[in-house]
Amino acid sequence: ELETSKEELQSLYEELVVVNAELQTKISELSNANDDIRNLLNSTQIATIFLDYDLNIKRFTPLATNLINLIPADIGRPLGHLVSKLRQEGLVSEVQQVLDTLQILEKETQTRDGCWYLMRIMPYRTADGAIAGAVLTFASIDAQKREETKLRAINQALQDARRDYAQLVMERVPEPLLVLDGELRVITANSMFLKMFKVSAAETEGQLLDDLGNKQWNIPILHELLEKVLSNHVQFQDFMVEQDFPGIGRKQVLLDARMIDQENNGVNMILLAFEDITTSVPHKAKLASEAAKTPSDA
């Protein structure tokens, strides 16, 4: 019986050796897989934080410490107990929202030292599709943001230079001119317009065309023609207006209007020119219905 027991123990020992070898192989494979995952996460240069369903820290990559004060001892601690370096508030509630709705949340966020990140919060799904927590990723977009800021500054400088140049040209033109926006509000008026109608820039710029003076430009047909200029990119010439102007008296004025080409910003503007014909040789005024022309007609 002892001999038999010894043989059974020997057989059991051999089986344990085989199982132990298989276990060591599995541990080695798991260690290699863990190393692969760690290196993959680190190589992406994306800060990543894994949370369980109760929003406790499960794992995080080294870059995550740039966003939240994390140390290895924080594993298992609630996310809400940790100090965040982000300017935004409500990170915990946003993670909870993702867990409640199972909808991925993506937004831009900024740290207190001014660095920009694209934050993405998504549910953590197991192999069988169960929701076991959440994953937070933070991809640095600081370089893109800085380039966008530089580009906006360059565009603004170009627009300012273009506006200054256009203003200089308007001042040198010996005709009264107005620049109107898409709402027929005066953007700028040159000095000849202010001199001709004896008004100031403060009384003119920023005002609707219909409200200028004693509303002498509140003419339905003129308003209709200007709307056509905006909508159809047509132009009109020699539209005659005869009105009494405050401090000036009665005048006959011919109006020309055309779109101002804005290459990139898409803002609709109208250049409106005025010609005083009160003391000139009488002109034959054109009917308003015939005044609007297409660019090809012009």
Side-chain angles (χ1 to χ4, degrees), residues 155-156 159-280 282-295 297-298:
N155 287 336
Q156 186 62 47
Q159 290 178 10
D160 292 344
R162 189 181 293 115
R163 183 172 59 252
D164 293 342
Y165 178 74
Q167 185 68 33
L168 178 62
V169 171
M170 284 185 62
E171 290 301 326
R172 291 184 176 275
V173 172
E175 293 181 342
L177 297 175
L178 286 181
V179 177
L180 308 177
D181 64 13
E183 297 178 351
L184 303 185
R185 190 180 302 274
V186 179
I187 298 176
T188 184
N190 71 349
S191 57
M192 291 301 295
F193 178 91
L194 303 178
K195 180 179 179 181
M196 176 177 175
F197 295 103
K198 296 183 179 180
V199 292
S200 66
E203 296 173 312
T204 307
E205 295 176 354
Q207 303 296 318
L208 290 172
L209 178 65
D210 292 348
D211 295 337
L212 295 181
N214 60 358
K215 300 185 183 296
Q216 65 269 8
W217 304 111
N218 188 2
I219 304 171
I221 297 178
L222 174 60
H223 196 283
E224 181 180 343
L225 289 174
L226 291 173
E227 291 290 347
K228 286 183 179 179
V229 172
L230 288 170
S231 60
N232 301 329
H233 287 220
V234 298
Q235 65 183 38
F236 66 80
Q237 296 174 329
D238 298 338
F239 178 82
M240 191 176 77
V241 174
E242 186 173 0
Q243 295 282 5
D244 289 321
F245 294 91
I248 301 175
R250 196 162 190 84
K251 278 188 175 291
Q252 291 180 326
V253 182
L254 292 180
L255 275 65
D256 297 347
R258 66 174 61 237
M259 286 282 291
I260 298 178
D261 183 22
Q262 296 292 294
E263 297 178 356
N264 298 319
N265 57 24
V267 177
N268 292 327
M269 293 194 295
I270 296 176
L271 180 64
L272 190 59
F274 302 77
E275 180 184 357
D276 184 3
I277 61 170
T278 306
T279 58
S280 303
H283 285 66
K284 183 179 179 180
K286 297 182 179 181
L287 294 175
S289 59
E290 298 174 352
K293 297 180 180 180
T294 62
D297 293 333

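Any value given below was found using the heavy atoms of this structure, including those in side chains, with hydrogens, waters and symmetry copies removed. One is the number of the first residue; the rest follow in order along the sequence.
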Student: Any non-hydrogen side-chain atom of F274 less than 4.5 Å from a side-chain atom of D256?
Tutor: no
Student: Under a 4.5 Å cut-off applied to non-hydrogen side-chain atoms, are L272 and W217 in contact?
Tutor: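 They are not in contact (no side-chain heavy atoms under 4.5 Å apart), so the answer is no.
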Student: Which atom pair, heavy atoms only, marks the closest approach of D211 to K215?
Tutor: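 Between these two residues, the closest heavy atoms are OD1-NZ, 3.0 Å.
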Student: Any side-chain heavy atom of M240 within less than 4.5 Å of one from I277?
Tutor: yes
Student: Using side-chain heavy atoms (C-beta onward) and a distance below 4.5 Å, is V186 in contact with F193?
Tutor: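 Sidechains of F193 and V186: no contact.
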Student: Do E242 and R250 come close enough that some side-chain heavy atom pair is under 4.5 Å?
Tutor: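 Touching, per the 4.5 Å side-chain cut-off.
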Student: Could you tell me which residues satisfy side-chain hydrogen bond (donor to acceptor under 3.5 Å, both in side chains) with N218, sequence neighbours excluded, listed by chain and number?
Tutor: none
Student: Got a donor-acceptor contact below 3.5 angstrom from the Q216 side chain to the N214 backbone?
Tutor: yes
Student: Spell out, as yes or no, whether a donor-acceptor pair under 3.5 Å connects the side chain of T188 to the backbone of V179.
Tutor: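 Judged by distance alone, no pair lies under 3.5 Å.
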Student: Donor-acceptor check, side chain of R185 to backbone of Q207, threshold 3.5 angstrom: yes or no?
Tutor: no
Student: Of all residues at least two apart in sequence or in a different chain, which pass the salt bridge (charged side-chain N to carboxylate O under 4.0 Å, His left out) check with D210?
Tutor: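 Partners of D210 by the salt bridge (charged side-chain N to carboxylate O under 4.0 Å, His left out) criterion come out as none, since no residue qualifies.
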Student: Could you give the side-chain donor-acceptor pairs of residues 194-201 under 3.5 Å, partners two or more places apart or in another chain?
Tutor:
unit_1, atom_1, unit_2, atom_2, d
S200, OG, E203, N, 3.3
S200, OG, E203, OE1, 3.3

